[in-house]
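Working notes, beginning with the structure itself.
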Amino acid sequence: MTAVQTATDTILEVNDLKTYIFTRAATVKAVDGISFNLRKGETLGIVGESGCGKTMTALSLLRLVPKPAGRIVEGEIVLNGEDILQKSEDEMRDVRGRQISMILQDPQTSLNPVFTIGNQLREALGIAHRENKSSMLSRAVDALRKVNVAAPERRLDDYPHQMSGGMKQRVVGAIAMSCEPGVIIADEPTTALDVTIQLQYLRLLKEIQAETGLAIIFITHDFGVVARMCDRVAVMYAGRIIEQGDVRDIFSRPAHPYTQALINSVPKLEQSVDRLYSIDGQPPLLSNLPEGCRFAPRCPYVSDQCYEAYPQSYTLNEGHYADCWALDADWQGTPIEEFVPPTGTAG
Amino acid sequence: MQAYILRRVAQGILAIFVISTITFALARVSGDPLNVLLPEEASEEQIELIKAEWGLDKPLHMQYFQYLGKLFRGDLGEAMAWPNSTATELIIERLPNTIKLSALALVVSGVIAFPVGVLVAIKKDTPFDYGGKLFAILGQSAPTFAVGLILMWIFAVQLNFFPTSGSGGVEYMILPAVALGYYNVAALMRLTRSSMLEVLDTEYVKLARIKGVAEWKVIWKHCFRNALIVPLTYFGLIGAVLITGSVVIETVFAWPGLGALVIDAILFRDYVVVQAVVLLFAAAFVIINIMVDVLYAYIDPRIRYT
């Protein structure tokens with residue numbers, strides 16, 4: 001792939017993004033200098049424990065960080081060639097929904113209880129299309145049909161409380177995609193759904209992506225879902241991306257001890273174990289981050305160097321980077337053991 | 001929806017019936033009505049005569065049935081302390097005044113409280129919000145008669161915009177309505193603010209913003225209707241309380257409403273009028289509550305279907 005192609009192919013580029021939340025007591029560095037890019041039609045998984053800054057990253061991309069406490073303090077978000085951080089609030093409204101959109105975690109609460117599905121869908125459609133009532137109606141029916149809602153004509157007059165969780169999440173998907181955005185962020189869209197419905201929903205997202213060439217940022221803590229859905233993965237820890245790369249690379253040769261631990265903590269059906277693998281300790285408080293590597297206190301390979309400065313980023317493969325001192329040629333500490341991929345891949 | 005309304009109306013009728021029984025009982029235990037009807041030096045004969053005339057010689061349960069029977073025919077009884085007038089006449093004479101004043105007060109409080117409540121919620125933790133808080137605290141803590149007197153002094157005495165007191169056209173109603181409304185503005189505004197803040201934090205508001213809805217529409221379409229439920233309950237209560245007449249404000253502004261009538265009736269031990277007015281108040285509460293419930297169902301479809 002030549003450089004020119006890469007440039008035109010990229011739909012979203014995030015450079016050194018920092019989103020802090022300023023509370024009276026402390027500054028919470030929810031997102032602390034992350035960079036990644038997203039190509040058209042690609043799915044990027046953002047993986048990490050709860051509270052590592054995944055959702056705040058998503059909200060930053062839409063510039064919907066909770067105000068007034070939260071603020072994007074630094075960085076660039078280049079969407080379709082334009083830095084959206086330079087845009088006014090008015091201009092942002094044209095970006096949201098039309099260029100980038102988001103599916104929220106909990107379908108039970110993401111639809112407005114006092115308006116019908118049809119009303120909320122037409123409102124979303126109306127942002128990109130101003131047409132007469134009947135053609136808006138047929139657009140709404142089409143939108144529901146696209147997300148496999150049965151008998152969409154009759155569903156339009158339903159209120160959210162009359163639908164099942166899975167159905168609601170489809171409607172949320174339809175709303176998010178109603179203005180045909182190039183990028184959609186799915187923030188753990190299936191955690192609130194039944195396991196069987198989860199699979200259906202993921203499959204549906206994949207189908208829509210294949211049809212429309214949508215780029216998806218898939219936020220999850222579930223490596224199983226990553227394996228099923230994503231082309232590339234970014235692993236977040238305490239507000240930073242500590243490793244990113246092709247999904248196969250990450251699964252077969254995870255470089256960062258944290259990524260290795262995460263993959264090891266996915267339970268395998270084929271193995272019977274007494275205790276599931278878990279990582280000792282807690283992630284650091286985002287309001288009180290250590291100087292050096294943020295994973296150091298929990299890391300089995302830690303050495304003094306890790307506490308002194310945040311590690312550099314090392315390239316392991318094309319597009320596969322990890323921030324860990326142990327990857328340095330001059331590393332004096334315990335070398336990272338060869339990663340043994342768990343038998344039977346997850347998911 | 002129709003079943004829902006019918007059910008609420010049936011419950012309301014039952015409530016009014018229970019209240020009529022309780023007021024009947026209370027009126028009997030609170031003192032002897034003969035004291036009002038007769039001078040102290042009345043003879044045995046006169047007492048018997050009056051007792052027969054008012055049906056007081058019959059056993060209590062008979063009196064009760066008689067009372068209920070009349071009630072069904074819409075007859076609230078003869079007033080005891082007001083010669084030659086029925087309780088119904090007395091109420092009809094006063095009720096329109098009270099309704100006019102309370103309706104205006106209600107409008108005043110609603111028109112100010114809802115928009116301001118929404119605005120201070122959006123402008124949370126800004127000088128605007130603090131100003132609203134101060135305004136609210138003043139209204140809540142200043143007694144209505146003080147507010148009434150201050151308003152009267154500024155706008156009637158000094159500026160001569162309105163008459164000081166009495167009844168007549170709209171100009172007589174504005175000051176008492178504002179005084180009455182202001183007290184309620186405060187509470188209503190605080191309720192609207194807190195319930196708006198709650199709604200502003202919900203996922204569906206986030207989704208509305210994500211899909212690119214204009215901010216004013218997010219506020220007034222997506223938030224306001226959801227945030228209305230709690231303050232609406234209170235709004236209904238205010239309406240009911242206002243209808244029962246504000247004795248204090250009616251006195252300050254010499255406004256001939258129901259509040260003054262109740263006080264007189266109680267002083268004169270005119271249990272017929274007391275019963276009638278209390279029943280009216282109960283009915284007002286019940287009717288307004290039904291109206292509020294129907295409004296809920298209109299606002300929130302989840303209520304409609306349960």
Side-chain angles (χ1 to χ4, degrees), chain A residues 24 55 58-59 61-64 66-69 89-116 119-121 123-128 157-162 168 171-179 181 184-185 187 192, chain B residues 1 4 118-130 192 195-233 292-306:
Chain A
R24 218 168 285 178
T55 299
L59 291 177
L61 297 181
L62 285 148
R63 274 192 42 200
L64 283 175
K67 274 186 279 189
E89 191 47 39
D90 269 352
E91 291 170 321
M92 268 318 285
R93 281 219 320 277
D94 289 337
V95 174
R96 289 182 205 126
R98 294 196 211 197
Q99 296 185 36
I100 185 166
S101 191
M102 181 165 168
I103 298 170
L104 299 169
Q105 212 173 99
D106 185 3
Q108 304 297 347
T109 56
S110 25
L111 291 169
N112 196 326
V114 305
F115 296 105
T116 59
N119 181 320
Q120 297 183 56
L121 200 52
E123 183 183 46
L125 288 162
I127 286 159
D157 291 328
D158 278 2
Y159 286 95
H161 70 275
Q162 294 167 293
K168 274 188 242 188
V171 174
V172 172
I175 287 176
M177 287 177 274
S178 59
C179 296
I184 207 155
I185 305 165
D187 185 5
Chain B
M1 186 73 179
Y4 170 81
V118 169
L119 288 177
V120 293
I122 304 168
K123 306 272 179 207
K124 188 186 167 228
D125 294 332
T126 63
F128 203 82
D129 186 22
Y130 303 141
T192 310
S195 118
M196 266 307 275
L197 284 177
E198 220 167 89
V199 173
L200 277 166
D201 213 30
T202 57
E203 294 291 291
Y204 55 83
V205 169
K206 207 188 273 172
L207 185 69
R209 288 190 176 132
I210 287 170
K211 66 189 187 187
V213 175
E215 188 62 18
W216 65 266
K217 211 173 168 195
V218 171
I219 302 292
W220 294 105
K221 179 183 169 183
H222 288 272
C223 298
F224 187 58
R225 190 153 156 192
N226 277 289
L228 210 53
I229 296 274
V230 177
L232 195 68
T233 315
V292 168
D293 284 347
V294 171
L295 263 178
Y296 281 165
Y298 171 73
I299 292 174
D300 191 338
R302 285 169 298 184
I303 296 171
R304 234 175 285 169
Y305 293 91
T306 47

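The chains referred to below are lettered A, B, ... by the order of the sequence lines, with proteins before strands, and numbering in each begins at 1. These numbers were taken from a predicted model, which means no experiment stands behind them.
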Notebook entry, point to check: Which residue out of B:N226, B:T202, B:I299 racks up the most heavy-atom pairs below 4.5 Å with chain A?
Noted result: B:N226
Checklist line | Proximity of residues 119-126 of chain B to chain A, residues having a non-hydrogen atom under 4.5 angstrom | finding: none
Next item on the list: Would you please name every residue forming a side-chain contact (heavy atoms from CB on, under 4.5 Å) with A:E91, sequence neighbours left out?
Entry: A:K87, A:S88
Note to self: Just verifying a value: how many Å separate A:I185 CD1 and A:L104 CG, rounded to the nearest 0.5 Å?
What the structure shows: 10.0 Å
Notebook entry, point to check: With distance as the sole test, does A:Q120 use its side chain to make a donor-acceptor pair with the main-chain N or O of A:F115 at under 3.5 Å?
Noted result: yes
Checklist line | A:L59 portion near chain B, given a 4.5 angstrom heavy-atom threshold | finding: side chain
Checklist line | Per-residue contact mode, A:L64 against chain B (heavy atom under 4.5 angstrom) | finding: side chain
Notebook entry, point to check: Taking non-hydrogen atoms and a cut-off under 4.5 angstrom, which of residues 209-219 of chain B neighbour chain A?
Noted result: B:R209, B:I210, B:K211, B:G212, B:V213, B:A214, B:E215, B:K217
Margin query: Is any side-chain heavy atom of A:P181 closer than 4.5 Å to one of A:I100?
Written below: no
Notebook entry, point to check: Taking B:Y4 for the side chain and B:D293 for the main chain, is one N or O donor matched with an acceptor at less than 3.5 Å?
Noted result: yes
Item checked: Side chain / backbone / both / neither for A:A124 at chain B, heavy atoms under 4.5 Å -> both
Next item on the list: For side chain to side chain contact (heavy atoms under 4.5 Å, CB included), just list the numbers for B:K221 and A:N119, CA-CA rounded to whole Å, side-chain angles, deciding distance to a tenth of an Å, and then say yes or no.
Entry: CA-CA 11 Å; B:K221 179 183 169 183; A:N119 181 320; 2.6 Å; yes
Note to self: So does B:H222 get a backbone contact from the side chain of A:N112, meaning a donor-acceptor N/O pair under 3.5 Å?
What the structure shows: yes
Notebook entry, point to check: Is the backbone of A:D157 close enough, under 3.5 Å, to the side chain of A:T116 for a donor and an acceptor to pair up by distance?
Noted result: no
Check: For A:E89, is it the side chain, the backbone, both, or neither that has a heavy atom closer than 4.5 Å to a heavy atom of chain B?
Finding: neither
Notebook entry, point to check: Which value, rounded to the nearest 0.5 Å, describes the distance between A:D187 atom CG and B:E203 atom CD?
Noted result: 8.5 Å
Item checked: From A:Q162 atom CD to A:K168 atom NZ, the distance as rounded to the nearest 0.5 Å -> 10.0 Å
Item checked: With sequence neighbours excluded, residues passing side-chain contact (heavy atoms from CB on, under 4.5 Å) with A:A192 -> A:D106, A:P107
Next item on the list: Look up atom CG in B:L228 and atom CE in B:M196, then write down how far apart they are to the nearest 0.5 Å.
Entry: 10.0 Å
